[in-house]
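Heads up: the structure comes next, in structure tokens.
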Amino acid sequence: MPHLARSAATRLLTAVLNDVFAATAGDLHVDGLAVAGRSAGETLVRIAQRDGDLLVVGAGRRRGRGPWRSPVARHCLAHASCPVLTVPPSPLQLDLEAMTRRRGLRRAGGPRRRAEGGVPGPDG
């Protein structure tokens, strides 16, 4: 990552973190850091190695009734030397995604129609 881009990203990240955590108690210290790496999971594990670090990652989406899926979270849980907190998506986010999927199916024409003999016709 070029130096100017890294500096700009760090400034923006620090400003966002300050805005987000401004209402919290004064004993919470949050640092912003812009780092380039091969993968998000490897990079997070590499930088979260100090005493007192806590790595907070999104748990990803749930598929069916199975566990939450996130390659980044799985990598961090398996390899991090510090505690890892995985945060599931907000129920509101899940509801929004479900509504979007349903609308997408309706726009695409609904269920597929079959021609004679059970073979999909030209329209699906």
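Here the structure is a predicted model, which means the values were calculated and not measured.
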Of all the heavy-atom pairs spanning A59 and A73, show the shortest one and how long it is. CA-CB, 4.4 Å
Which heavy atom in T43 sits nearest to a heavy atom in R38, and how many Å separate them? OG1-N, 4.0 Å
Please find the pair of heavy atoms, one from C76 and one from V84, that lie closest to each other, and give the distance. O-CG2, 3.6 Å
Are L54 and V87 linked, directly or through intermediate hydrophobic residues, by side-chain heavy-atom contacts shorter than 4.5 Å (ILVMFWY only)? yes
Nearest heavy-atom pair of A48 and L55: which atoms, and what distance? CB-CD1, 4.1 Å
Side-chain touch E42/V45, heavy atoms, less than 4.5 angstrom: no
